[in-house]
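Notes for the one structure printed next.
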Amino acid sequence: MDMSDPLDLHAAETRALRARRLVQIALLVMVAMAIAMVFYAIKGSWQVVTPLVVGVFCMAGCLWLNARGHTDAANDVLISAVTLSMYSLVWVAEGLHDAALFTFPVLLILGGLLLRPLAFGVLLASQIAFLVILTMATEVWGWRVDATSSSNFELLRDVSMILLVGGVAVGLVVADLHRLLAHLRLQVQQQDVAQKELTYLSQHDGLTGLPNRAMGRQMLGQAIEHAARRNLGVALLFVDLDHFKHVNDTLGHDAGDEFLRKIALRLSAAVRGADIVARHGGDEFTMALTDVADAQDASTVAANVLRSLAEPIVIKGHELQAGCSIGVALFPQDGKDYASLLRAADIAMYQAKESGRNAFRFYSEEMNAQHQHAMTMASELRSALARDEFVLHYQPIVCLADGHLLGAEALVRWQHPTRGLLAPDQFIAAAEKSGLIVDLGQWVLLAACRQMRAWQVSGLTGLVVAVNLSPVQFRRGEVDAVVAQALQETGLPPEALELEIVESTLIDDTESFIVALGRIKALGVRIAIDDFGTGYSNLAYLQRFAVDKLKIDRSFVMHVSSDPQQRALVEAIVQMARSLSLTTTAEGIEDEAVRQLLLGLGCVQGQGYHFARPLSVADFEAYARHQVPARG
Ligand code: C2E
Ligand code: CA
Ligand code: CA
């Protein structure tokens, strides 16, 4: 049997049942009529026997119709045949006093159960009409005369038989109805269970069993309504796992799923029963804390969550650490509804991430302003790149001993259509945050290489161009490929290119970073550590990554002549660099005294306003031509 509609299946069963019922009732009536026939034949009442004989034949016709599948028609024939034979019996026998009259209500009940409403109406009307005609025919028109009354025993026999046959027939049909009703009730129950299951599935996350985003929204909405009526607070925590992608990438998706399930359990354990933990999607969860008195309450829970997730999670024998960043928004101060609270918590979560992850932050108006600013900035930067509004300035890097030009650091500026020439500190951070730095950095690299190649071709040889690379470019872009492509496209020899990276880039020593750096070094491009001294100043890293140069940060250089401590620090850096065979460049030299001092400390190269500010291409060319010619 195919998987047809269960309702169809049910209809087929019902049809079979009705057919069986008809056979039983028809046979029953047939037997009863045959028995009655025998009695009246013995008695010699042939006018009674005739309708009974016709009745028996009609029952046989019924069975025949039913066997051919016409159960409905057979039903109609059965009821009408019995009715008509009873009419004739009553007519030829005792009229209104005949026992056959007892069949009328039985026929009505059977008709009500078996016939269509119209046919039932006809049946009822015909019974009344028959009785009226019978009475008139007897009393007024004189068409017929009642036969002599049967004895009470004969009456008892006939009535008993009618009641017996009628009772059994009605009982059979009513039992069917009961069965049908029970069946329907069961079906309704099953549908109810299925409906409940469907509702559960549509409201819960299949993986963790937590309420899903839609349900989370609905529940928080209710919590807010409740809190508003009672003047209570609600806190919404937006939890985003740090580095979840890493789990998926390294251990596979099954492990990732397992990881999320365990996180869900810990999150649920960190709150009270009335609080609502929901899976927002991916590695994001929301936690709604109800009845929160003040920010302190929320911060206690947030701290608990951080602590609980910091406990190692063991999956497939690997011990994993699940850090997370949490943004907290409070009802009513940060938002009056789900959407605004979620937005606020989301902004706060980003702030937490930016602050170095594994932290929580409360939303503030100021954060919102920052967020708005960053969003506008990101879209402006995108169009600036498309409209070619960035330019490079070049700041000379010179030999501290004799001042001859060694190269230039390419520094980007934004030629803003309304705000004029913008310095990098006004847009680099936003470009890094939005990821646009990947495209911008690629543009800078290509433009700087092309410019240096053009200078080489025009006879300005022996110079190195230094290009700043953001840590984000290492994290998101295929830096090594971009560098190789820039060299290839512009024809610049690799020794004429230097890349400046900040110390924090080294600290983030992921596998992909090590590979990228190795490839860049293999191209023959040099690496300089920018702003050295402000970060970790980790010797081991410098050796491990075989960097070529340290750029001593401006903040030390500026006060080197006035502050003995700074001087000692710069001296130490230079010594260390020398022992590792690294070149040193001092940034931010603003006067002659500082130059001499640094030279005395053993520093080799310098850069700063004392020599030149960052210059436009034309100005740099003019500067270069007035230079002391390089020795050798
Ligand atoms: P940085 O790499 O440390 O660049 C040197 C900065 O110091 C430049 O600022 C330069 O104008 C300034 N400077 C040079 N000499 C002196 C001096 O004697 N005194 C003072 N007070 N300042 C001096 P600028 O051009 O505003 O760049 C700021 C920062 O923006 C750069 O710092 C660098 O981190 C970033 N940046 C610039 N261009 C790019 C780029 O193309 N890509 C990336 N990722 N970052 C860039
Ligand atoms: Ca730099
Ligand atoms: Ca620097």
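Indexing begins at 1, ligand by ligand and atom by atom, following the structure's order.
In Asp531, the N, O or S atom that comes nearest to the Ca ion (ligand 3) is OD1. Distances from the Ca ion (ligand 2) to each N, O or S atom of Glu409 single out OE2 as the nearest.
Residue Asp530 touches ligand 1 through its side chain alone, judged by heavy-atom distances below 4.0 Å. Residue contacts with ligand 1, taken as heavy atom pairs separated by less than 4.0 Å, involve Glu409 solely via side-chain atoms from C-beta onward. Contacts between Arg613 and ligand 1, counted as non-hydrogen atom pairs separated by less than 4.0 Å, are absent for every part of the residue. Of all the heavy atoms of Arg554, the ones lying under 4.0 Å from any atom of ligand 1 belong exclusively to the side chain. Counting heavy atoms closer than 4.0 Å to ligand 1, residue Asp531 contributes side-chain atoms (C-beta onward) but none from N, CA, C or O. Within the 4.0 Å heavy-atom criterion, neither part of His610 lies near ligand 1.
Annotation: Asn468 places an N or O atom under 3.5 Å from an N or O atom of ligand 1; distance criterion only. Between Val412 and ligand 1, at least one N/O pair is under 3.5 Å apart. The shortest N/O to N/O separation between Gln473 and ligand 1 does not fall below 3.5 Å.
Protein heavy atoms all stay at least 4.0 Å away from atom 9 (O) of ligand 1. There is no protein heavy atom closer than 4.0 angstrom to atom 32 (O) of ligand 1.
Using a 4.5 Å heavy-atom threshold, the side chains of Arg343 and Asn368 count as touching. The side-chain heavy atoms of Phe259 and Ile313, taken from C-beta on, include a pair separated by under 4.5 Å. At least one side-chain heavy atom of Leu497 sits less than 4.5 Å from a side-chain heavy atom of Cys449.
Separation of the Phe427 and Phe390 ring centroids falls under the 6.0 Å cut-off. Under the 6.0 Å cut-off for aromatic ring centres, Tyr350 and His371 do not qualify, their centroids lying 6.0 Å or more apart.
Side-chain N/O atoms of His416 and Thr418 include a donor and acceptor closer than 3.5 Å. At a cut-off of 3.5 Å, with distance as the only test, no side-chain donor of Gln426 or Trp414 sits close to an acceptor on the other residue. For the residue pair Gln575 and Arg578, no side-chain donor N or O sits within less than 3.5 Å of a side-chain acceptor on the partner.
Taking CG of Leu330 as the start and CG of Leu341 as the end, the distance is 8.5 Å to the nearest 0.5 Å. Atom CG of Asp530 sits about 5.0 Å away from atom CD of Glu587, to the nearest 0.5 Å.
Ion pairing of Lys549 with Glu500 is absent here, as no side-chain N (NZ or NE/NH1/NH2) approaches a carboxylate O to less than 4.0 Å. Taking a cutoff of 4.0 Å between a charged side-chain nitrogen and a carboxylate oxygen, Lys433 and Glu354 qualify as a salt bridge. A salt bridge links Asp242 with Lys353: the closest approach of a Lys/Arg side-chain nitrogen to an acidic carboxylate oxygen falls below 4.0 angstrom.
Ligand 1 has Gln395 within reach: a non-hydrogen atom of the residue lies less than 4.0 Å from it. Assignment of Pro614 to the shell around ligand 1 is supported, since a heavy atom sits closer than 4.0 Å. At least one heavy atom of Ile589 sits less than 4.0 Å from an atom of ligand 1. Heavy-atom separations between Arg413 and ligand 1 include at least one value shorter than 4.0 Å.
With the Ca ion (ligand 3) at the apex, Asp530 OD1 and Glu587 OE1 define an angle of roughly 110° (rounded to 10 degrees).
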The test is side-chain contact (heavy atoms from CB on, under 4.5 Å); show your working for Arg279 and Asn212 and say whether it passes. CA-CA 5 Å; Arg279 179 157 180 222; Asn212 60 17; 6.0 Å; no
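Note on ring orientation: taking the six-membered ring where Trp is involved, the planes of Phe360 and Phe362 are perpendicular (angle over 60°, cut-offs 30° and 60°).
The option from Ser470, Pro424, Ala586 that lies nearest to atom 26 (O) of ligand 1, judged by heavy atoms, is Pro424. Considering Phe390, Phe427, Phe611, Tyr609 only, the shortest heavy-atom separation from atom 18 (O) of ligand 1 involves Tyr609.
Nearest to atom 21 (N) of ligand 1 among the protein's heavy atoms is Glu590 OE2, 3.2 Å. The single protein non-hydrogen atom nearest to atom 41 (O) of ligand 1 is Val444 CG1, 3.5 Å, given as residue, atom name and distance.
Backbone or side-chain N, O or S atoms of Glu500 do not reach the Ca ion (ligand 3) at under 3.0 Å.
The contact set between ligand 1 and Glu587, taken as ligand atoms under 4.0 Å from a residue heavy atom, comprises 3 (O). Short contacts between ligand 1 and Gly608, defined as distances under 4.0 Å to a heavy atom of the residue, involve ligand atoms 15 (N), 18 (O).
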